[in-house]
Amino acid sequence: MFTSYNQKKSFIKYCESFDIDYEIFPTEHDMTGDAGYSIINHIISEGRVPSTIFCINDPIAMGAMQALLDAGIKVPENVSIIGFNDVEACNFTRPTLSTVYAPSFEMGEIGASVLHHMITGDDIHYPRRIQLPCQLKIRNSCK
């Protein structure tokens, strides 16, 4: 459930560097709550429920969490779940959803600025790598 090759590569590298067992559940679905619900229902039906689920975005995590709860699987007692982006609705799920805050507004501003400088020729230092800090928002969906 990754939106880019680099996200998937970084996730795998992190897990391997800390000797964490993982399984990637690929999907051709949209990045929606319905997709998260469907994916987790499929995993539950196969009897492969993991102890922790990290989702590429918060809507998928919310759908996945609802599928777990509907199946009688307690969050976080049986399965911890975490999303990505820290949308406002994370504070209103039950349990509240742990997530990673990504500075989306700042990413947009920087992207627009870089594009402007590329178009106007003001800056010749391309390609470049820009890294912004993310922050873990621990709530009640993780042990």
[X] versus [Y], closest heavy-atom pair with distance:
{"X": "C55", "Y": "A64", "answer": "SG-CB, 4.4 Å"}
{"X": "R94", "Y": "L69", "answer": "O-CD1, 3.5 Å"}
{"X": "N85", "Y": "A102", "answer": "OD1-CB, 4.0 Å"}

Check whether [X] reaches the backbone of [Y] with its side chain - one donor and one acceptor, N or O, closer than 3.5 Å.
{"X": "S141", "Y": "S98", "value": "yes"}
{"X": "S113", "Y": "E109", "value": "no"}
{"X": "S45", "Y": "H42", "value": "yes"}
{"X": "N57", "Y": "M31", "value": "yes"}
{"X": "T99", "Y": "F84", "value": "yes"}

[X] with [Y], same ILVMFWY side-chain cluster at under 4.5 Å:
{"X": "V100", "Y": "I12", "result": "yes"}
{"X": "I60", "Y": "Y37", "result": "no"}
{"X": "F105", "Y": "I130", "result": "no"}
{"X": "F92", "Y": "V75", "result": "no"}

Residues in side-chain contact (heavy atoms from CB on, under 4.5 Å) with [X], at least two apart?
{"X": "T52", "value": "S80"}
{"X": "Q135", "value": "Y101, K137"}
{"X": "A71", "value": "I44, I73"}

Excluding sequence neighbours, so at least two apart, what forms side chain to side chain donor-acceptor pair (under 3.5 Å) with [X]?
{"X": "S104", "value": "none"}
{"X": "N91", "value": "R139"}
{"X": "E16", "value": "Y22"}

Pairs flagged by salt bridge (Lys or Arg N to Asp or Glu O under 4.0 Å) wherever residues 53-81 is involved - sequence neighbours left out:
none
Residue pairs fulfilling salt bridge (Lys or Arg N to Asp or Glu O under 4.0 Å) with at least one residue in residues 36-48, sequence neighbours excluded
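Salt bridge (Lys or Arg N to Asp or Glu O under 4.0 Å) check on residues 36-48 returns E23-R48, E46-R48.
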Atom [atom1] of [X] and atom [atom2] of [Y]: how far apart are they, to the nearest 0.5 Å?
{"X": "F11", "Y": "I20", "atom1": "CZ", "atom2": "CD1", "result": "8.0 Å"}
{"X": "S51", "Y": "I81", "atom1": "OG", "atom2": "CD1", "result": "12.0 Å"}
{"X": "C90", "Y": "I82", "atom1": "SG", "atom2": "CD1", "result": "9.5 Å"}
{"X": "L115", "Y": "I110", "atom1": "CG", "atom2": "CD1", "result": "13.5 Å"}

M62 and V87: side chain to side chain contact (heavy atoms under 4.5 Å, CB included), yes or no, with the steps?
CA-CA 11 Å; M62 290 175 197; V87 298; 3.6 Å; yes
Applying ring-ring contact (aromatic ring centres under 6.0 Å, His included), can you list everything that pairs with F18, at least two apart in sequence or on another chain?
Y14
